[in-house]
Amino acid sequence: MSTVVTRFAPSPTGLLHIGGVRTALFSWLYARHHGGKFILRVEDTDRERSTEEAVKVILDGMAWLGLSADEGPYYQSRRSNRYREVLTQMRASGHAYYCYCSKAQLEELRSRQLAAKQKPRYDGRCRDLKETRAGAEPVIRFRNPTDGEVVVDDQVHGRVMFQNSELDDLIIARSDGTPTYNFCVVVDDLDMGVTHVIRGDDHLNNTPRQMNMLLALGATPPVYAHVPMILGADGAKLSKRHGAVSVLQYQEEGYLPDALLNYLVRMGWSHGDQEVFSRAEMIAAFDIRDVNKAASAFNADKLLWLNQQHMMRSPLATLAGPLRAQLASMGVQTDDLGLLEGVANAQRERCKTLREMAVNSLYFFKDFGAYETKAASKFLNADSAPILQQLSEGLAGLADWDAAAIHATIAAVAERAGAGLGKVAQPLRVAMTGGPVSPPIDLTVSLLGRERALARMQRALSYTKGPPPAGAPGT
RNA sequence: GCUCCCUUCGUCUAGAGGCCUAGGACACGGCCCUCUCAAGGCUGGAACGCGGGUUCGAAUCCCGCAGGGAGCGCCA
């Protein structure tokens with residue numbers, strides 16, 4: 001049985017964004033589904049444009065998402081010797097040759113072709129040069145077949161044919177001797193035993209050239225799958241101006257990695273009517289052959305919805321850590337895991353992100369400032385004072401501080417006042433949280449803990465007796 | 001300009017000739033539930049780019065057109 005080997009090969013010239021992540025995800029899923037191997041390879045042959053920061057985002061991003069590699073990361077910048085070796089071999093076998101054309105000459109050729117409305121391409125004038133020129137610094141070109149055709153049996157596009165006559169002899173090594181992208185990819189995929197190349201469909205046009213080189217090296221080309229790209233929310237190509245942000249920004253904004261992955265896998269792929277997938281479900285159901293051909297636009301609302309769906313389904317333990325981190329970024333430190341999980345449990349179906357959860361849960365972790373003006377005037381006034389008083393007494397006398405007991409107290413007060421639960425819950429809610437919105441009030445009170453809840457009752461009670469002078473600090 | 005790719009609701013998609021009065025999801029509107037906010041349930045509006053074929057029958061097959069994208073670099 002042949003083992004599947006896939007790879008993700010980003011170039012660290014820009015920050016890893018969701019487009020790259022989706023490609024990585026498909027490769028990873030395919031390998032996992034088939035029990036194969038997933039390789040991470042950093043294509044940093046362009047030393048000018050590659051940055052340390054971009055490499056770090058790739059590594060950190062993949063780690064955060066849990067897209068674990070079985071091999072790598074490999075760095076092309078450390079494989080120069082191997083490339084040189086293959087270059088020599090290809091020249092010896094006649095599959096590659098020195099080209100002495102200057103950039104100026106090439107530019108002249110190019111503009112002449114463009115003027116004649118022809119496809120710009122190298123005309124092969126150095127193809128059959130007999131001798132090497134001393135002192136010159138030639139590039140090395142691949143001797144592409146001049147006739148026949150190349151058939152790409154693409155897993156998502158089907159059979160795509162290219163005429164060799166449309167291809168020219170591409171440069172595989174610069175005049176300084178360094179190898180170029182298309183060549184490195186070929187050598188790497190060959191050396192690393194990659195069986196399935198899953199990449200963006202902007203590479204479909206490169207594929208016949210790469211296959212020809214592989215053939216020249218006596219290798220069997222891998223299976224190719226060119227996946228469509230992801231567009232910005234406005235339907236335009238994803239770019240810095242159109243929402244192309246580092247994948248790590250989603251972590252900062254409070255998204256769960258599984259939710260992001262779930263969102264991304266559904267772009268260009270589906271499994272019946274299922275929308276929410278766990279990692280295991282994705283792995284079990286994914287097949288690269290089910291991937292669509294058309295590009296898809298990013299939709300932030302759906303990501304938000306999915307994030308909430310995942311928060312609602314996650315074990316509380318996986319929510320506590322990120323929630324604590326969000327709180328910390330707001331200056332609230334806590335190590336109370338029990339409280340964090342309790343709050344996450346109470347809030348997860350009313351928040352779209354962990355950041356939103358943190359923002360809406362601050363009153364659980366520290367005292368709030370002033371009451372919200374509107375809520376206070378509506379619910380903390382002379383009318384509600386008697387109710388708050390009874391609530392205060394009832395709660396203070398509770399033997400067990402749990403939601404059920406608290407609920408009973410609230411119900412009893414409402415009953416005695418001949419009022420609906422709402423008449424009691426809202427004043428209590430404002431007293432506890434400073435505002436009119438929170439999880440179920442009994443749960444909220446129990447989470448706050450006896451001491452804190454009772455103190456806030458007192459604060460509310462004194463507030464109803466007369467608001468403090470304007471500008472007075474709240475507690 | 002040349003080559004290659006793509007085209008179902010606003011968005012993500014189902015759809016492999018009759019199961020389509022084109023299904024689901026997000027978003028939006030209405031209703032229900034309800035201590036607030038949510039979550040949840042029900043419900044409404046909303047799409048096969050255009051034109052020719054093939055066929056008893058086409059969103060599905062063929063051809064053309066239009067629109068969009070990619071490649072054509074000593075970038076990756």
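- For A/F298, the ring-ring contact (aromatic ring centres under 6.0 Å, His included) partners two or more places apart in sequence, or in a different chain, are A/Y263.
- Across B/A46 and B/G29, the matching C1' atoms stand 12 Å from one another, rounded to whole Å.
- For the ring pair (Phe, Tyr, Trp, His ring centres under 6.0 Å) condition, no pair includes a residue of residues 137-178 of chain A, sequence neighbours left out.
- At a threshold of 4.0 angstrom between heavy atoms, the contacts of A/Q308 are confined to the sugar-phosphate backbone, with no base atom among them.
- Rounding to whole angstrom units, CG of residue A/N205 and P of B/C6 are separated by 12 Å.
- A/D169 meets the salt bridge (charged side-chain N to carboxylate O under 4.0 Å, His left out) test with A/R127; sequence neighbours excluded.
- Comparing atom distances between the A/D301 side chain and each of B/U13, B/C35, B/C26 picks out B/C26 as nearest.
- Nucleic acid contact for A/L114: none, since no nucleic acid atom lies under 4.0 Å from a heavy atom of the residue.
- For B/G17, there is no paired nucleotide, since no Watson-Crick or G-U wobble pair has both relevant distances below 3.5 Å.
- If you take CG of A/N299 and P of B/C26, they are 11 Å apart, rounded to a whole angstrom.
- Atom NE2 in A/H271 sits about 12 Å away from atom C1' in B/A14, given to the nearest Å.
- Distances shown here put a side-chain N or O of A/H157 below 4.0 Å from the OP1 or OP2 atom of B/C6.
- With sequence neighbours left out, the side-chain contact (heavy atoms from CB on, under 4.5 Å) criterion links A/L215 to A/N212, A/P221.
- Residue A/P10 is classed as having no contact, given no heavy-atom separation below 4.0 Å to the nucleic acid.
- Per the geometry, CE belonging to A/M211 stands 15 Å off C1' belonging to B/C4, to the nearest Å.
- Rounded to a whole angstrom, the distance from the C1' atom of B/U11 to that of B/G17 is 29 Å.
- Among the atoms of the strands shown, none is found under 4.0 Å from any heavy atom of A/P228.
- For A/Q309, a side-chain nitrogen or oxygen approaches OP1 or OP2 of B/G40 to under 4.0 Å.
- Sorted by first and then second residue, the salt bridge (charged side-chain N to carboxylate O under 4.0 Å, His left out) pairs involving residues 258-278 of chain A (not counting sequence neighbours) are A/D258-A/R279, A/R266-A/E275, A/E275-A/K302.
- Within a 6.0 Å radius of CD in A/E281, more than 12 heavy atoms belonging to other residues, nucleotides or ligands are found.
- Taking atom C1' in both B/C9 and B/G45, the straight-line distance is 10 Å, to the nearest Å.
- By the ring-ring contact (aromatic ring centres under 6.0 Å, His included) test, A/Y30 pairs with A/H34, A/H196, sequence neighbours left out.
- As rounded to the nearest Å, B/C62 and B/A25 have C1' atoms that lie 34 Å from one another.
- Under the ring-ring contact (aromatic ring centres under 6.0 Å, His included) criterion, A/F26 pairs with A/F286, sequence neighbours left out.
- In this model, no donor atom of one side chain and acceptor atom of the other lie less than 3.5 Å apart for A/N206 and A/R209.
- Atom pair A/F298:CZ and B/A27:C1' shows a separation of 14 Å (rounding to whole Å applied).
- Residue contacts shown for A/H203 include a base, since a base heavy atom lies under 4.0 Å away.
- As the counterpart of B/U54, no nucleotide is assigned, since no Watson-Crick or G-U wobble pattern has both distances under 3.5 Å.
- Take the nearest nucleotide of RNA chain B for A/G268 and for A/V160: the residue whose nucleotide is more 5' is A/V160.
- As a whole-Å value, the separation of A/L306 CG from B/C12 P is 15 Å.
- Taking the P atoms as reference points, B/U43 lies 32 Å from B/U7, given to the whole Å.
- Residues forming a side chain to side chain donor-acceptor pair (under 3.5 Å) with A/S361 (at least two apart in sequence, or on another chain): A/Q347.
- To the nearest whole angstrom, the two C1' atoms, one in B/G64 and one in B/U54, are 15 Å apart.
- Pairing of B/C65, defined by two Watson-Crick or G-U wobble distances under 3.5 Å, is identified with B/G49.
- Contacts of A/N360 with the nucleic acid, taken as non-hydrogen atoms under 4.0 Å apart, are absent.
- Using P as the reference atom, B/C26 and B/C42 are 11 Å apart when rounded to the nearest Å.
- One interatomic measurement links the two molecules: CG of A/L204 to C1' of B/G71, which rounds to 9 Å at whole-angstrom precision.
- Side-chain contact annotation: A/D44 with A/S77, donor-acceptor N/O pair under 3.5 Å present.
- Residue A/A295 is the one, among A/K423 and A/A295, whose nearest nucleotide of RNA chain B lies closer to the 5' end (criterion: closest heavy atom).
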Are there any protein N/O atoms within less than 3.5 Å of an N/O atom in nucleotides 72-74 of chain B, and if so, which ones and at what distance?
{"residue": "B/C72", "atom": "O2'", "partner": "A/P120", "partner atom": "O", "Å": "2.5"}
{"residue": "B/G73", "atom": "OP1", "partner": "A/R110", "partner atom": "NH1", "Å": "2.4"}
{"residue": "B/C74", "atom": "O2", "partner": "A/S175", "partner atom": "N", "Å": "3.0"}
{"residue": "B/C74", "atom": "O2", "partner": "A/S175", "partner atom": "OG", "Å": "3.0"}
{"residue": "B/C74", "atom": "N3", "partner": "A/S175", "partner atom": "OG", "Å": "3.1"}

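- When Watson-Crick and G-U wobble pairs are counted only if both distances are under 3.5 Å, B/G40 pairs with B/C32.
- A straight line from CE of A/M357 to P of B/C37 spans 19 Å, rounded to a whole angstrom.
- Between A/S270 and B/A14 there is a side-chain polar atom (N or O) within less than 4.0 angstrom of OP1 or OP2.
- Partners of A/H95 according to the ring-ring contact (aromatic ring centres under 6.0 Å, His included) rule, which considers only residues two or more places apart in sequence or in another chain, do not exist here.
- In terms of phosphate contacts, A/K352 brings a side-chain nitrogen or oxygen within less than 4.0 Å of OP1 or OP2 of B/A39.
- Shown here, B/A27 forms no base pair; nothing in the strands shown gives a Watson-Crick or G-U wobble contact with both key distances under 3.5 Å.
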Readout for nucleotides 19-25 of chain B: B = base within 4.0 Å of protein heavy atom, S = sugar-phosphate only, - = neither; 5' to 3' it is ----BBB
So which protein nitrogen or oxygen atoms get under 3.5 Å of nucleotides 48-50 of chain B's nitrogens or oxygens?
none

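- A/V185 places a side-chain heavy atom less than 4.5 Å from the side chain of A/R41.
- At a cut-off of 3.5 Å, with distance as the only test, a side-chain donor of A/T178 or A/R174 sits close to an acceptor on the other residue.
- By the 6.0 Å contact criterion, CD on A/E53 is open, its count of non-hydrogen atoms from other residues, nucleotides or ligands being 12 or less.
- Counting non-hydrogen atoms under 4.0 angstrom, A/S50 reaches nothing in the nucleic acid.
- For the P atoms, the distance linking B/U3 with B/A22 amounts to 39 Å, nearest Å.
- The side chain of A/R49 sits closest to B/A76 out of B/C35, B/A76, B/C6.
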